[in-house]
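A note on names: the letters A, B, ... follow the listed sequences, proteins ahead of strands, and every chain is numbered from 1.
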Amino acid sequence: ADAMEADVATRELILKRRKLFEDWNSWRSEIEKIQKDLGLTQEEETEDVNEEVVE
Amino acid sequence: MRPIMLKGHERSLTQVKFNREGDLLFSVAKDKSASVWYSFNGERLGTFEGHIGTIWSIDVDSKTELAVTGSADFSAKLWEVNNGKCIKTWKLKTPAKRVEFSPNNDKLLIVTDQVMGEKGTITILPINSNFETREEQTDEPLLIIETAEGAEKVTVAGWSYAGKYIIAGHSNGVVSKYDAETGELHKTVKVHDLTITDLQFSQDKTYFITSSKDKTAHILDVDTLTIMKTYEADAPMNSACITPVKNFVILGGGQDARDVTTTSSKQGKFEARFYHKIFEDEIGRVKGHFGPLNYVAIHPNGTMYASGGEDGFVRLHHFDKSYYDFKYDVERTAEATGAVEVKTPEITA
């Protein structure tokens, strides 16, 4: 918050980065949704491990 | 970030690649043998012997059972990883420049060079990965994608998500996209001014990074081939990869090999360069090689990277804490407010 008040250039840079960050994340969520809808999301392979407790 | 030097190759490295688990590193060079190393300590596990020319490319399947190499000796070879035995040699009309298994290991793509009046191709072969019968491999390709009339030759290629598309980089800076089943050309986009030297995908294979002799790298979206990001360097770039866990990309390159003797390592810009993937800023450089970096590869868990140099060495860098701690304020804020998921890698000593 302090940096936002420092000067115009810093403020603009922060805002620019914030936008780039948001744009990237929204693009990624969009792609992830498409992949999921297509059934292409590779779920982590979880193996059923029957753990035996040896006492 | 103390590097481990992998000394074993006698000539320039051409490609380095981690297996899916990242416990092994595969490397190929202009010296005719492929090497397999433990990524943990840099000890060499073994070599694949049999090629009689420069090996341009190597890949390993997702089960670390089979490896493939593509060579300037006009052949591609299939190897059993656990014993280094060559189980198949495909004879080609021209050198093999790039080889890659499809994501589910059932196919192999080979980029064959366009030389001596022969057209360049992307040749797709079926792979029999059945443990019992895997010595039986066919010579019959499933598909041959010839370089289109008027198009420049393909230099690099790889499989997109689900093995659905093949994305290729061309010597004139064009990226093209094909249906991996039919070979139908979907789209071409001029991305770079000069030859595309490398093309590596994100972990989910929905986007990829290209590097070029034009001193830039770009991230493109697989579906639309839109340029999403641009990274500018001050030397020709030979390779680029996208780091999982952190939002970085790593670029490697430097002054061209033929000019190296006239250049000191200081001027040659032989460093691995780290850029912020989203903000496109250069964050840092890692020195070490005394020739251009021909290839950079990232560990699948994002815990280390490897670079293969024109100097004949592979350098393996395990990331330390400061690498993971580095964050922009914007990222820190987003994490603090829960806007983005925080991924924490397992850091092993």
Between Y207(B) and I31(A), does a side-chain contact (heavy atoms from CB on, under 4.5 Å) hold up when you go through it step by step?
CA-CA 10 Å; Y207(B) 63 100; I31(A) 295 289; over 6 Å; no
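- Ring pair F21(A)/F279(B) is tilted by interplanar angle, where 30° to 60° counts as tilted.
- Here the side chains of L20(A) and V330(B) are not in contact, with every heavy-atom distance at 4.5 Å or above.
- One distance of note links CD1 of I34(A) with CG of D223(B); it measures 6.0 Å at 0.5 Å rounding.
- The number of heavy-atom neighbours closer than 6.0 Å to CD of E282(B), taken from other residues, nucleotides and ligands shown, is above 12.
- To the nearest 0.5 angstrom, D221(B) atom CG is 5.0 Å from W27(A) atom CH2.
- In this structure the side chain of D281(B) reaches within 4.5 angstrom of the side chain of R17(A), judged on heavy atoms.
- Within a 6.0 Å sphere centred on NZ of K187(B), other residues, nucleotides and ligands contribute more than 12 heavy atoms.
- Ranked by heavy-atom pairs shorter than 4.5 Å toward chain A, the options K164(B), H276(B), M228(B), K229(B) are led by M228(B).
- Annotation: side chain of D204(B) is in contact with side chain of R28(A) (closest heavy-atom distance under 4.5 Å).
- The distance from atom CD of E331(B) to atom CG of N25(A), rounded to the nearest 0.5 Å, is 9.0 Å.
- Using a cutoff of 4.0 Å between basic side-chain nitrogens and carboxylate oxygens, R18(A) and D329(B) are not scored as salt-bridged.
- Interface remark: E280(B) contributes no atoms to any contact with chain A (heavy atom separation under 4.5 Å).
- If you measure heavy-atom distances from E32(A) to chain B, you find no contacts under 4.5 Å at all.
- Heavy-atom contacts from other residues, nucleotides or ligands closer than 6.0 Å to CD of E21(B) number more than 12.
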